[in-house]
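Within every chain, numbering begins at 1; the chains are lettered A, B, ... in the order of the sequence lines, protein sequences first and strands thereafter.
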4 protein chains.
Amino acid sequence: MTEDKPLSRAERNRLQLRADILQAAFIEFSDRGYHQTAIADIAQRLGIGHGTFYRYFDNKRDILEHVINDTAMQLIALLAAENAPNAVQTLAEYREQCQRIAQRFSEFAYANPKMLRLVLLEATSIDADMTQRVFALINTGGQLTAEYLANGVKHGFLRSDLDTTNTGHAIVGIIMAGMFRLLADPDNTSVLTSYGEACVRLITEGMAKT
Amino acid sequence: MTEDKPLSRAERNRLQLRADILQAAFIEFSDRGYHQTAIADIAQRLGIGHGTFYRYFDNKRDILEHVINDTAMQLIALLAAENAPNAVQTLAEYREQCQRIAQRFSEFAYANPKMLRLVLLEATSIDADMTQRVFALINTGGQLTAEYLANGVKHGFLRSDLDTTNTGHAIVGIIMAGMFRLLADPDNTSVLTSYGEACVRLITEGMAKT
Amino acid sequence: MTEDKPLSRAERNRLQLRADILQAAFIEFSDRGYHQTAIADIAQRLGIGHGTFYRYFDNKRDILEHVINDTAMQLIALLAAENAPNAVQTLAEYREQCQRIAQRFSEFAYANPKMLRLVLLEATSIDADMTQRVFALINTGGQLTAEYLANGVKHGFLRSDLDTTNTGHAIVGIIMAGMFRLLADPDNTSVLTSYGEACVRLITEGMAKT
Amino acid sequence: MTEDKPLSRAERNRLQLRADILQAAFIEFSDRGYHQTAIADIAQRLGIGHGTFYRYFDNKRDILEHVINDTAMQLIALLAAENAPNAVQTLAEYREQCQRIAQRFSEFAYANPKMLRLVLLEATSIDADMTQRVFALINTGGQLTAEYLANGVKHGFLRSDLDTTNTGHAIVGIIMAGMFRLLADPDNTSVLTSYGEACVRLITEGMAKT
DNA sequence: CATGAATGAGCATTCATTCAT
DNA sequence: CATGAATGAATGCTCATTCAT
């Protein structure tokens with residue numbers, strides 16, 4: 001059961017350094033912003049010569065691409081991982097799932113605020129292409145959520161006339177608002193708890209007096 | 001009842017030019033982005049010398065400040081203008097109001113996509129201060145919406161246990177998601193219509209099967 | 001009889017500086033070579049900021065273009081100026097003219113060795129386009145000389161079966177060889193004198209024993 | 001009569017690789033130019049690591065030196081090989097020899113345009129030393145040609161008052177002009193034929209009407 | 001007060017060379 | 001001995017800002 005391991009020591013070092021550069025770029029870009037970050041900053045953070053950077057990435061834009069792609073994949077994974085719609089059959093179960101998801105998102109957001117900063121705040125101001133990529137990511141989130149809702153409709157615990165697509169996008173908006181609130185006040189570790197609860201009630205029950 | 005009129009012709013010209021510069025900066029910043037815009041671009045758009053710019057604004061950051069402030073004020077005004085909570089007394093009236101508001105927002109978004117771009121996409125990547133300003137703006141939106149909801153609770157057509165604050169923020173998130181969708185696909189002039197309807201139903205009735 | 005003189009003081013300064021930069025670039029390029037010359041070198045020679053350079057020329061290649069064009073025009077002018085073929089009717093007159101031309105070239109070469117360096121040594125190693133430009137210049141020289149010879153044939157003091165075109169190019173080669181000799185040993189101020197004489201005899205009489 | 005044969009297999013490989021590197025450098029330098037050629041280009045052409053280059057040559061300048069020296073030697077050999085003055089005794093023989101030489105040069109030029117490019121176009125723009133080497137090469141060509149002419153004078157079929165030295169340099173100029181014409185238009189395979197004829201007549205008979 | 005010429009800090013990128021493996 | 005990873009000096013170019021006219 002030995003895997004393919006043609007990774008020489010040099011090879012591993014190389015991959016490690018590449019990962020380190022990506023990591024350093026991620027930190028710098030999310031902390032100071034893409035435009036405020038010089039390649040020299042990334043190199044200095046790692047204690048490497050800045051020429052070394054160009055042995056691993058074509059140019060500044062190239063590494064941003066990789067950083068964003070990596071981050072986007074993690075975000076998509078987060079969204080997709082929670083998408084186990086068939087696990088729930090009743091409204092009660094569904095509500096629990098929502099709370100679990102909210103909890104999960106909340107934890108992720110607290111653990112990785114830099115990712116959120118990068119995608120929500122920085123990536124939208126590089127160029128048209130990158131901005132569209134962010135839009136596409138958000139759109140994907142909406143579609144995943146919509147599938148999730150469609151499942152609820154199919155199982156009969158969500159309104160049969162629910163506009164799953166648009167509602168999915170709306171829910172993504174709700175999540176985004178939570179992220180923005182966290183980013184606005186990163187030290188307030190409780191803000192998302194009550195927000196999550198309110199959101200779960202909002203989307204399940206609405207606001208109207210019954 | 002003549003107001004103070006120490007506005008000489010020169011004075012008026014001066015104010016006019018200042019406004020023109022602001023306008024030009026707004027267009028450039030929202031079109032090409034803050035970092036991609038040179039002071040010379042703004043000046044050239046107006047056909048003035050770029051040295052003139054510095055007679056009206058301290059520096060590039062300064063005019064961004066003004067541009068953002070102006071834009072923020074218009075957005076706040078949009079939010080506040082719709083905030084006539086006492087106008088509605090019943091759920092039906094309230095729902096109509098919601099639709100009206102959605103309509104209003106939609107129209108505004110279609111009419112002023114540059115404003116949205118500027119605030120949502122660009123302003124968040126200048127520096128920490130400006131980013132906080134955007135957060136504050138969004139937060140203000142949430143609070144205004146919350147007051148609006150509180151009014152609903154007071155009038156008894158919204159749940160008495162509604163977490164107005166958090167729900168207000170959630171609604172702002174829903175609006176933001178709509179803006180993002182519009183910015184992602186500016187030519188699709190109908191996307192917001194069905195989105196508005198779905199959102200109104202979501203927030204009033206929730207998703208659960210009754 | 002007043003000429004157009006809308007040249008303000010600023011305008012004149014501007015033109016003067018532009019000319020100065022051209023001159024400085026010419027000196028640096030011909031002295032140290034194009035690739036060895038940094039824009040900063042040109043600026044420093046004039047005591048101006050190197051950013052100023054870019055107010056007058058698009059980029060390094062751009063100014064090379066202008067420098068080469070200017071130089072080429074002077075060289076062409078030198079060739080063309082001497083081309084007064086109809087001035088001579090007999091072989092004796094023609095020989096005198098040749099000597100005069102040789103003298104002129106010689107003086108020019110001594111006075112402007114940098115021009116020769118630039119065109120013959122430097123310009124041929126920038127890129128394909130610039131190299132072709134040098135070839136075109138040499139070719140033009142050959143053609144001008146050929147016309148000059150054709151005139152001699154027409155007036156009957158040169159061989160009627162003279163291949164004027166090819167011979168014209170050959171004469172340009174003879175001139176170029178003289179330039180190379182001068183550039184090889186710029187301090188030897190007499191080398192061209194005897195060379196000129198030998199060349200005149202060569203082209204008029206050939207080498208064969210009569 | 002055993003030669004020195006300490007050439008082990010490794011030794012031969014070593015010498016072969018050295019020759020390959022020289023050859024590769026020659027091609028790159030003459031194709032793209034010295035400044036446009038990176039050491040990595042040379043190494044890549046051979047499929048060797050670019051660190052290996054430095055085991056065989058001190059630095060970039062060093063290999064240029066060797067490349068130029070090799071090329072210069074071949075050019076000198078070309079000049080010298082044709083210099084068999086005692087082979088001709090009469091003007092007719094001499095003229096035939098001239099034509100043969102022209103033919104030889106022409107063939108060489110068509111076969112080795114890269115050599116000409118390198119020496120005439122590239123080598124003159126490296127630094128003062130290399131430029132002087134090119135001048136020295138041209139000068140050697142002139143001297144060889146002069147000896148050749150001197151022989152003609154001695155044998156009595158060239159003018160007894162012929163300035164052999166200067167005329168020798170002039171002839172080299174004529175040859176150089178032919179090379180330039182070829183380099184300017186490498187596809188025109190006939191340009192040198194008529195040029196050669198015209199040149200032979202020029203130097204033997206001159207241009208004057210007899 | 002308007003102008004635009006001048007400035008230089010700042011940055012992305014290249015590449016010859018070194019050296020540990 | 002071959003390799004290629006690492007390095008940093010070098011440089012072209014941009015643009016916000018200042019200031020003399």
Side-chain angles (χ1 to χ4, degrees), chain A residues 8-11 13-14 17-18 21 35-44 46-63, chain B residues 10-11 13-14 17 35-44 46-63, chain C residues 8-11 13-14 17-18 21 35-44 46-63, chain D residues 10-11 13-14 17 35-44 46-63:
Chain A
S8 69
R9 191 136 119 61
E11 196 77 20
N13 282 341
R14 196 170 161 72
L17 180 50
R18 200 193 131 94
I21 295 175
H35 287 107
Q36 286 72 39
T37 299
I39 296 298
D41 294 327
I42 298 172
Q44 201 166 36
L46 294 172
I48 63 174
H50 64 280
T52 306
F53 171 90
Y54 288 92
R55 291 188 53 73
Y56 292 85
F57 297 95
D58 287 345
N59 49 47
K60 193 182 173 183
R61 176 60 209 262
D62 180 42
I63 197 173
Chain B
E11 196 75 22
N13 282 343
R14 192 167 167 71
L17 180 50
H35 288 107
Q36 285 72 41
T37 300
I39 296 298
D41 294 325
I42 299 172
Q44 199 169 35
L46 293 172
I48 64 172
H50 62 279
T52 308
F53 171 89
Y54 287 92
R55 301 223 153 257
Y56 292 85
F57 297 95
D58 288 345
N59 49 46
K60 192 182 176 182
R61 175 59 209 266
D62 179 43
I63 196 173
Chain C
S8 68
R9 192 136 119 59
E11 197 77 21
N13 282 340
R14 198 173 159 71
L17 180 50
R18 200 192 130 92
I21 294 175
H35 288 107
Q36 286 73 39
T37 300
I39 296 298
D41 295 327
I42 298 172
Q44 202 166 35
L46 293 172
I48 64 173
H50 64 280
T52 306
F53 171 89
Y54 288 94
R55 292 187 54 73
Y56 292 85
F57 297 94
D58 286 344
N59 49 48
K60 192 181 174 183
R61 176 61 207 261
D62 180 42
I63 198 174
Chain D
E11 197 74 23
N13 281 343
R14 194 168 165 73
L17 180 50
H35 287 107
Q36 286 73 38
T37 299
I39 295 297
D41 294 326
I42 299 172
Q44 199 169 36
L46 294 172
I48 65 173
H50 62 280
T52 307
F53 171 90
Y54 287 91
R55 301 222 151 257
Y56 293 85
F57 298 95
D58 288 345
N59 50 45
K60 192 180 175 183
R61 174 60 210 266
D62 179 43
I63 197 174

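Distances were taken from every side-chain heavy atom of B:Arg14 (C-beta onward) to each of E:dT7, F:dA16, E:dC1; the shortest belongs to E:dC1. Distances from the side chain of D:Ala38 to the nucleotides F:dG12, E:dA16, F:dA2 place E:dA16 closest.
With a 4.5 Å cut-off on side-chain heavy atoms, C:Ile48 and C:Ile21 count as touching.
Nearest-nucleotide positions on DNA chain E place B:Thr52 closer to the 5' end than the other of A:Gln36 and B:Thr52.
Pairs passing the salt bridge (charged side-chain N to carboxylate O under 4.0 Å, His left out) check and including a residue from residues 48-60 of chain C, sequence neighbours excluded, do not occur.
Considering OG1 of B:Thr52 and CG of B:Leu46, their distance stands at 10.0 Å, rounded to 0.5 Å. Note that CG of A:Asp62 and OH of A:Tyr54 are 10.5 Å apart. Values are rounded to the nearest 0.5 Å.
Remark: DNA chain F forms stems of 3 or more consecutive Watson-Crick or G-U wobble pairs, all pair distances under 3.5 Å, at E:2-21 with F:2-21.
For A:Phe57, the ring-ring contact (aromatic ring centres under 6.0 Å, His included) partners two or more places apart in sequence, or in a different chain, are A:Phe53, A:His66. Residues satisfying the salt bridge (Lys or Arg N to Asp or Glu O under 4.0 Å) criterion with C:Arg14, sequence neighbours excluded, are absent altogether. Partners of C:Gln44 by side-chain hydrogen bond (donor to acceptor under 3.5 Å, both in side chains), not counting sequence neighbours: none found. Taking the ring-ring contact (aromatic ring centres under 6.0 Å, His included) definition, one finds that C:His50 meets it with nothing, sequence neighbours left out.
Computed from coordinates, the A:Glu11 CD to E:dT21 C1' distance equals 14 Å when rounded to whole Å. As rounded to whole Å, 14 Å separates atom C1' of F:dA10 from atom NE2 of C:His35. Atom CG of D:Leu17 is separated from atom C1' of F:dC1 by 11 Å (rounded to the nearest Å). Distance CG (D:Asp62) to P (E:dA16): 14 Å, rounded to an integer number of Å. Rounded to whole angstrom, the span from the OH atom of A:Tyr56 across to the P atom of F:dG4 amounts to 13 Å. If you take CD of B:Gln44 and P of F:dA16, they are 13 Å apart, rounded to a whole angstrom.
Residue-level contact check: B:Phe57 touches neither bases nor backbone, having no heavy atom under 4.0 Å from any strand.
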Could you list the protein-to-nucleotides 17-19 of chain F atom pairs, N/O on both sides, closer than 3.5 Å?
from   : atom 1 : to      : atom 2 : distance (Å)
F:dT17 : OP2    : B:Tyr54 : OH     : 3.1
F:dT17 : OP2    : B:Lys60 : N      : 3.0

